[in-house]
Amino acid sequence: MKYQDIFQALKGVGDIDLSSLVLPVAETGFALYPINCNPGCVDKVVVSMLTEARNRNRDSFLTYFEATPERTFQWIVSSVAKDSTRILFALRDIGTKELYGYMGLAYGDARGTRIEGDAIVRFSDTGRPGLMRAAFLSLVEWVMVDIGIKEVWVRVRSSNPAVTFYNQCGFSVEFDAPLYEVNGSRGELEELSETPLKDHAIVSADSLFHMKYHC
Ligand SMILES: CC(C)(COP(=O)(O)OP(=O)(O)OC[C@H]1O[C@@H](n2cnc3c(N)ncnc32)[C@H](O)[C@@H]1OP(=O)(O)O)[C@@H](O)C(=O)NCCC(=O)NCCS
């Protein structure tokens, strides 16, 4: 089975439904639950978490916008559901089902040789030191060992303290790409892009680290 079909099945939008499978995070009492992208099965509490966490961490990502529950719902049931190279998981306490954070995989290539860790965010204010790292390493191990994808990368803004988090997880910077500002009609920053605009390229103070996992 191709990894794309497995992702769709886990998201509840494939030919078979594997959406009730979970990936346990060993010795923590937590597990990664695939986020269901079937419009009838989207969990409102998960939508709230994604919306709130996206707005709280605006400077961590490349696009700037105000997230709303409606926009997040549409993103899940259209973009995430249709993109078979992407999957998102909610990190929950297995006993209480309380949400701790979320993390995903995206931008996998067609042949299944390379993928990226994507949207790795702690939601809970009460941190359990090391839990996000343990969960992300479980996800990386699953996609490499069980799914068979050989390379896992992350892209992270150079100013983001998460660079240290990824270092601690076994990732190292392979190259550093410049970022260019994309501004809206009122001059507001809309996006940081790896591709310069033709006429007026404004180089951002931030660059983009491409980091690769080394076991
Ligand atoms: C990145 C993030 C998920 C880390 O969550 P966390 O709860 O701190 O993770 P952990 O407790 O598992 O930390 C694991 C290691 O990373 C290190 N680390 C985590 N955040 C760090 C920071 N801001 N600065 C320095 N080190 C950090 C920790 O010190 C720890 O190492 P240690 O065990 O040697 O002390 C969290 O800070 C977050 O949600 N950031 C905002 C969203 C974001 O920027 N995501 C990345 C987008 S590319």
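Note: hydrogens, waters and symmetry copies are ignored here, and every other heavy atom, side chains too, is used.
No side-chain heavy atom of D15 sits less than 4.5 Å from a side-chain heavy atom of M1. Side-chain atoms of I147 and I115, non-hydrogen and from C-beta on, never get closer than 4.5 Å to each other. Proximity of N57 to R54: side-chain heavy atoms (C-beta onward) are nowhere separated by under 4.5 Å. Considering only heavy atoms from C-beta on, V121 comes within 4.5 Å of F61 through its side chain. Inter-residue side-chain proximity for F73 and K44 is flagged as unmet; no heavy-atom pair is nearer than 4.5 Å. By the 4.5 Å heavy-atom criterion applied to side chains, L137 and Y213 are counted as neighbours. A 4.5 Å side-chain heavy-atom check between I94 and V22 finds every atom pair outside the cut-off. Inter-residue side-chain proximity for V80 and I35 is flagged as unmet; no heavy-atom pair is nearer than 4.5 Å.
For the pair R86 and Y107, the distance from NZ or CZ to the six-membered ring centre is under 6.0 Å and the angle to the ring normal is within 45 degrees.
Between W142 and F89, the angle of the ring planes goes over 60°, which puts this pair in the perpendicular group of the 30/60° scheme.
Under a hydrophobic-cluster definition in which Ile, Leu, Val, Met, Phe, Trp and Tyr are linked whenever side-chain heavy atoms come within less than 4.5 Å, directly or via other members, Y166 and V143 are assigned to the same cluster. Taken together through direct or relayed side-chain contacts under 4.5 Å among Ile, Leu, Val, Met, Phe, Trp and Tyr, V154 and L208 form parts of separate hydrophobic clusters. Two different hydrophobic clusters hold Y33 and F30 under the rule that ILVMFWY side chains link at heavy-atom gaps under 4.5 Å.
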Under 3.5 Å, side-chain donor or acceptor atoms of residues 124-136 against the rest of the protein: list the pairs with distances, not counting sequence neighbours.
| from | atom 1 | to | atom 2 | distance (Å) |
| --- | --- | --- | --- | --- |
| S124 | OG | T126 | N | 3.2 |
| S124 | OG | T126 | O | 3.2 |
| R128 | NH2 | T28 | O | 3.4 |

Under 3.5 Å, side-chain donor or acceptor atoms of residues 168-175 against the rest of the protein: list the pairs with distances, not counting sequence neighbours.
| from | atom 1 | to | atom 2 | distance (Å) |
| --- | --- | --- | --- | --- |
| S172 | OG | H214 | NE2 | 3.3 |
| E174 | OE2 | H214 | NE2 | 3.0 |

- Message: Let's go through L50 and I76 carefully: what are the C-alpha distance in whole Å and the side-chain angles of both, what is the deciding distance for side-chain contact (heavy atoms from CB on, under 4.5 Å) to 0.1 Å, and is it a yes or a no?
- Response: CA-CA 10 Å; L50 294 173; I76 292 173; 3.7 Å; yes
- Task: Give the C-alpha distance, both sets of side-chain angles, the deciding distance and a yes or no for side-chain contact (heavy atoms from CB on, under 4.5 Å) between R92 and V46.
- Result: CA-CA 11 Å; R92 289 177 186 270; V46 168; 3.4 Å; yes
- Message: Between D43 and N36, does the side-chain contact (heavy atoms from CB on, under 4.5 Å) criterion hold? Intermediate values first, please.
- Response: CA-CA 7 Å; D43 183 340; N36 199 310; over 6 Å; no
- Message: What verdict does the side-chain contact (heavy atoms from CB on, under 4.5 Å) test give for V156 and F165, after you've listed the backbone C-alpha separation in whole Å, the side-chain angles of each residue and the deciding distance to 0.1 Å?
- Response: CA-CA 11 Å; V156 56; F165 169 79; over 6 Å; no
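If you take OG1 on T51 and CH2 on W75, they are separated by 10.0 Å, rounding to the nearest 0.5 Å. Atom CG of N55 sits about 4.5 Å away from atom CD of E66, to the nearest 0.5 Å.
Partners of S60 under the side-chain hydrogen bond (donor to acceptor under 3.5 Å, both in side chains) rule, at least two apart in sequence or in another chain, do not exist in this structure. Q8 pairs by the side chain to side chain contact (heavy atoms under 4.5 Å, CB included) definition with K11, V13, S84, not counting sequence neighbours. Remark: S204 pairs with L179, E181, L192, D206 by the side chain to side chain contact (heavy atoms under 4.5 Å, CB included) rule, at least two apart or across chains.
Residue Y180 shares its hydrophobic cluster (ILVMFWY side chains chained together at separations under 4.5 Å) with V203.
Remark: side-chain polar atoms of E188 are paired, donor with acceptor, to backbone N or O of R186 under 3.5 angstrom. Checked by atom type and distance alone, the side chain of D109 pairs as donor or acceptor with a backbone atom of R114 at under 3.5 Å.
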